[in-house]
Protein chains: 2
Amino acid sequence: MDKPERCDFLYVHQETVEKVQNSMPAEEDLYDLAELFKVFGDSTRIKILYALLEAELCVCDISQLLGVSQTAVSHQLRVLKNSSLVKYRREGKNIFYSLADDHVRSVLGQGMDHIKE
Amino acid sequence: MDKPERCDFLYVHQETVEKVQNSMPAEEDLYDLAELFKVFGDSTRIKILYALLEAELCVCDISQLLGVSQTAVSHQLRVLKNSSLVKYRREGKNIFYSLADDHVRSVLGQGMDHIKE
DNA sequence: CGTTCATATGAACACTTTATCATATATTAT
DNA sequence: ATAATATATGATAAAGTGTTCATATGAACG
């Protein structure tokens, strides 16, 4: 253990703090990571993602499934799209959304594990 | 494929929607999950968690390390504590925080994988 | 005991975010 | 073309969030 020092001017545990500082990811990555989790941090979007785990769905399906207005779903899908969490394809008047990759599944899974303790 | 129906009154793809509906976790779990990710969705808290991946730290250490005021750190630690993401122990005037369990590490890791694509 | 240091808490304010409403775009059918 | 359907977009209002400031608590020590 290193010597405690005054908090407002010196590190209390300077050695430890320096070690940790060197292990921290780049500021930008930490910021992006927070942005990503922010996207997961809304129950409407979580529901959309869970629905898309099972099947490709059009906006209308999602709207009915969740009991959320089409407009709200559309807005949230845009957020998910901007974070590359979902992709879409057009088929006539419908636009079908699906998960962009398998990270979504893992992230949701890890989160659910924590909840279920 | 099932027959498309009018969106505002019937499911567009009723069969699919029903299948998905049965696979959805309980409303409450989805809500809790969103709450959990909301906690990860702030860069100050993300930084705190990453710091705690490496070592147990007191509030002052964290404050210095991140260049964030003691008050702000304290407020955020409370949020993390309320979500059972961190635990703490007192040692004299210091209070040392550490990660509550290993889910944090996995969640952060999965998220970072997505970012790094 | 009173002081100092480490941390916590409450209120206030600025900033975001989300749903809603009205409207626009795009596709298909008549 | 016109109408109808599916989805997207922009503005607005309401709710939520994070930081700061001022202050409180709690421990150690002369």
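These numbers come from a predicted model, not from an experiment. A note on names: the letters A, B, ... follow the listed sequences, proteins ahead of strands, and every chain is numbered from 1.
- Between the CD1 atom of Ile46(B) and the P atom of dG18(D) there is a distance of 12 Å, given to the nearest Å.
- Partners of Asp113(A) under the side chain to side chain contact (heavy atoms under 4.5 Å, CB included) rule, at least two apart in sequence or in another chain, are Gln110(A), His103(B).
- Arg89(A) places its CZ atom 12 Å from the P atom of dT7(D), with the value rounded to the nearest Å.
- Counting only heavy atoms from C-beta on, Val59(B) has its side chain closest to dA8(C) among dA8(C), dG26(D), dT7(D).
- Distance Gln64(B) CD to dC5(C) C1': 14 Å, rounded to the nearest Å.
- Spacing between atom NE2 of His13(B) and atom P of dT5(D) amounts to 16 Å, rounded to whole angstrom units.
- Checking the phosphate oxygens (OP1, OP2) of dA6(D), no side-chain nitrogen or oxygen of Tyr97(A) falls inside 4.0 Å.
- Note on residues 40-86 of chain A: pairs passing ring pair (Phe, Tyr, Trp, His ring centres under 6.0 Å), not counting sequence neighbours, are Phe40(A)-Phe37(B).
- Take Glu54(A) and apply the side-chain hydrogen bond (donor to acceptor under 3.5 Å, both in side chains) test, not counting sequence neighbours, and it matches no residue.
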What pairs of donor and acceptor atoms, side-chain ones from residues 23-33 of chain B against any protein atom, are under 3.5 angstrom apart with sequence neighbours left out?
from     : atom 1 : to        : atom 2 : distance (Å)
Ser23(B) : OG     : Val20(B)  : O      : 2.8
Glu27(B) : OE2    : Lys47(A)  : NZ     : 3.0
Asp29(B) : OD2    : Lys116(A) : NZ     : 2.6

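- By the 6.0 Å contact criterion, CZ on Phe96(A) is enclosed, its count of non-hydrogen atoms from other residues, nucleotides or ligands being greater than 12.
- Counting to the nearest Å, the P atom of dA8(C) and the NZ atom of Lys81(B) are 6 Å from each other.
- Rounded to whole angstrom, the span from the OH atom of Tyr88(B) across to the P atom of dA27(D) amounts to 12 Å.
- The CD-P distance, from Glu91(B) to dA6(C), rounds to 13 Å in whole Å.
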Every protein N/O lying under 3.5 Å from an N/O of nucleotides 15-23 of chain C:
from    : atom 1 : to       : atom 2 : distance (Å)
dT18(C) : OP1    : Arg45(A) : NH1    : 3.3
dT18(C) : OP1    : Arg45(A) : NH2    : 2.8
dT18(C) : OP2    : Arg45(A) : NH1    : 3.3
dA19(C) : OP1    : Thr44(A) : OG1    : 3.0
dA19(C) : OP2    : Gln76(A) : NE2    : 2.7
dT20(C) : OP2    : Ser69(A) : OG     : 3.4
dT20(C) : O4     : His75(A) : NE2    : 3.2

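- Partners of Ser74(B) under the side chain to side chain contact (heavy atoms under 4.5 Å, CB included) rule, at least two apart in sequence or in another chain, are Gln70(B).
- In terms of phosphate contacts, Asn94(A) brings a side-chain nitrogen or oxygen within less than 4.0 Å of OP1 or OP2 of dT7(D).
- The side chain of Lys93(A) lies closest to dT28(C) when the candidates are dT7(C), dT28(C), dA8(D).
- Separating the CZ atom of Arg78(B) from the P atom of dT17(D) is a distance of 13 Å, rounded to the nearest angstrom.
- Between Thr16(A) and Glu56(B), every side-chain heavy-atom pair lies at or beyond the 4.5 Å cut-off.
- Heavy-atom nearest nucleotides on DNA chain D were determined for Arg90(B) and for Arg90(A), and the one closer to the 5' end corresponds to Arg90(A).
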